[in-house]
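FYI, the numbering just counts along the sequence from 1.
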Amino acid sequence: MAFLKIENLKKSFGSSEVLKGISFELEKGEVLAIIGSSGSGKTTLLRCLNFLENADSGTICVADEVLFEGAQNENRQSKRLKSANDIRKKRLHFGLVFQNFNLFPHYNVLNNVTIASRLLAKEQLKQEYKRIKNDNKGDAAAIRRLKKECKDKTINSIETNALDLLARVGLKDRCKAYPCELSGGQCQRVAIARALALSPDVLCFDEPTSALDPELTGEVLNVIRKLKSNDRTMIVVTHEMEFARNVADKVIFMAEGVIEETGTPEQVFLNPKSEKTKAFLQKDIENDFND
């Protein structure tokens, strides 16, 4: 079975049907590039995968685990996510790098990268504290000491991991800087490190270079390129066709809420079957020429 399996995913906002039945599969370690014009449903698809939006119907499976299974027709009610805690657990399977960074301006780089891990650890520490209390009944001093040791060890581990990730994106030396002190490219690299901090099964990028000046685009794409490995599955919504050709294992072209064409980069870019795909790629070539 595929590592990531999406079947007939649908999403409407009022009377506007944005996703009209999206289905695709990815093996572990594959990189999928999603291309298409604005309004084709690319961002909505990523938001549904990351549970920032609830799909109306369809199935989302990761590593043989069904994360979402909605109604398949209007006569069956969708199985809604039951609680905020349930949503948080499902989101851990995915990491999302937004177009506009979405960094916390009042936190420095290190705190931006570690905040999600700290919040998750806070819940996990509650369970560990209960165990410590049960194992050391009546010994208040030992309980305080063990709790502190457990907390310090957890925080140190989180910070060590964050610094390692910042080193991978070339920003370890800026760990104390604030977003206002960084370039757009540096902010996006921080956002990538933050998305990696919880070790998601699938790392998603939503137009990661669209908010950047052209001279900064290359540095972010280079970081994403270096992240490709047999153990990291990635979905990249992008308008950078050259990047999609060189890095992706599979390419999907979306138009009007459906997958118009899918295949390897060679199939989609060099021998497209759909007239819509051909028109989109021709327009992209013309735009590059005019630039």
Show which side-chain atoms of residues 250-259 pair as donor or acceptor with protein atoms under 3.5 Å away, not counting sequence neighbours.
residue	atom	partner	partner atom	Å
Lys250	NZ	Glu25	O	3.0
Glu256	OE1	Lys276	NZ	3.4

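- At least one side-chain heavy atom of Phe280 sits less than 4.5 Å from a side-chain heavy atom of Ile35.
- Lys11 contributes atom NZ, which lies 15.5 Å from atom NZ of Lys20 (distance to the nearest 0.5 angstrom).
- Panel note: side chain Gln188, backbone Phe98; a donor-acceptor pair is recorded below 3.5 Å.
- The side-chain heavy atoms of Val236 and Val247, taken from C-beta on, include no pair separated by under 4.5 Å.
- Of the possible donor and acceptor atoms, none in the side chain of Thr209 sits under 3.5 Å from a partner among the backbone N and O of Leu212.
- The backbone N or O of Asn8 sits less than 3.5 Å from a side-chain atom of Ser23, completing a donor-acceptor pair.
- The closest donor-acceptor contact from the side chain of Lys90 to the backbone of Leu67 lies under 3.5 Å.
- A donor-acceptor pair is defined here as one N or O able to donate and one able to accept, closer than 3.5 Å; such a pair exists between the side chain of Asn134 and the backbone of Lys130.
- The number of heavy-atom neighbours closer than 6.0 Å to NZ of Lys122, taken from other residues, nucleotides and ligands shown, is 12 or below.
- Residues Leu45 and Phe24 come closest through the heavy atom pair CD2-CE2, 4.1 Å.
- Transitive grouping of hydrophobic side chains (ILVMFWY, heavy atoms separated by less than 4.5 Å) keeps Leu96 and Val169 in distinct clusters.
- Leu203 and Ile224 fall within a single hydrophobic cluster, where Ile, Leu, Val, Met, Phe, Trp and Tyr side chains are chained together by heavy-atom contacts under 4.5 Å.
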Q: Evaluate salt bridge (Lys or Arg N to Asp or Glu O under 4.0 Å) for Arg189 paired with Glu219, printing each intermediate quantity in order.
A: CA-CA 9 Å; Arg189 284 188 278 155; Glu219 70 179 63; 3.0 Å; yes

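- Few gaps surround NZ on Lys228; more than 12 heavy atoms of other groups in view lie less than 6.0 Å from it.
- Between the side chain of Asp213 and the main chain of Glu215, no donor-acceptor pair closer than 3.5 Å is present.
- By the 4.5 Å heavy-atom criterion applied to side chains, Phe3 and Leu26 are not counted as neighbours.
- Here the straight-line distance linking atom OH of Tyr178 with atom CG of Asn112 works out to 10.0 Å at 0.5 Å rounding.
- Heavy atoms from other residues, nucleotides or ligands lying under 6.0 Å from CG of Asp173 number more than 12.
- Annotation: side chain of Asp201 is not in contact with side chain of Thr233 (no heavy-atom distance under 4.5 Å).
- When side chains are defined from C-beta on, Leu49 counts as touching Ile6, because their heavy atoms get closer than 4.5 Å.
- In this structure, the side chain of Lys42 engages the main chain of Ser37 through a donor-acceptor pair within 3.5 Å.
- At a threshold of 4.0 Å, the pair Glu149-Lys153 does not count as salt-bridged, since none of the basic side-chain nitrogens sits closer than that to a carboxylate oxygen.
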Side-chain donor/acceptor pairs under 3.5 Å, residues 191-198, sequence neighbours excluded:
residue	atom	partner	partner atom	Å
Arg194	NH1	Asn102	O	2.9
Arg194	NH2	Phe101	O	2.8
Arg194	NH2	Asn102	O	3.4

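- At distances below 3.5 Å, not a single donor-acceptor pair connects side-chain atoms of Gln99 with backbone N or O atoms of Ala211.
- Atom CG of Asn111 is separated from atom CG of Leu103 by 12.0 Å, given to the nearest 0.5 angstrom.
- Annotation: ring pair (Phe, Tyr, Trp, His ring centres under 6.0 Å) contacts of Tyr107 (sequence neighbours excluded): Phe104.
- For Asp206 (side chain) and Thr43 (main-chain N/O), no donor-acceptor pair under 3.5 Å exists by modelled atom type.
- Rounded to the nearest 0.5 Å, atoms CG (Leu19) and SG (Cys48) are 5.5 Å apart.
- A donor-acceptor pair under 3.5 Å links the side-chain atoms of Arg91 to the main chain of Phe51, judged by distance alone.
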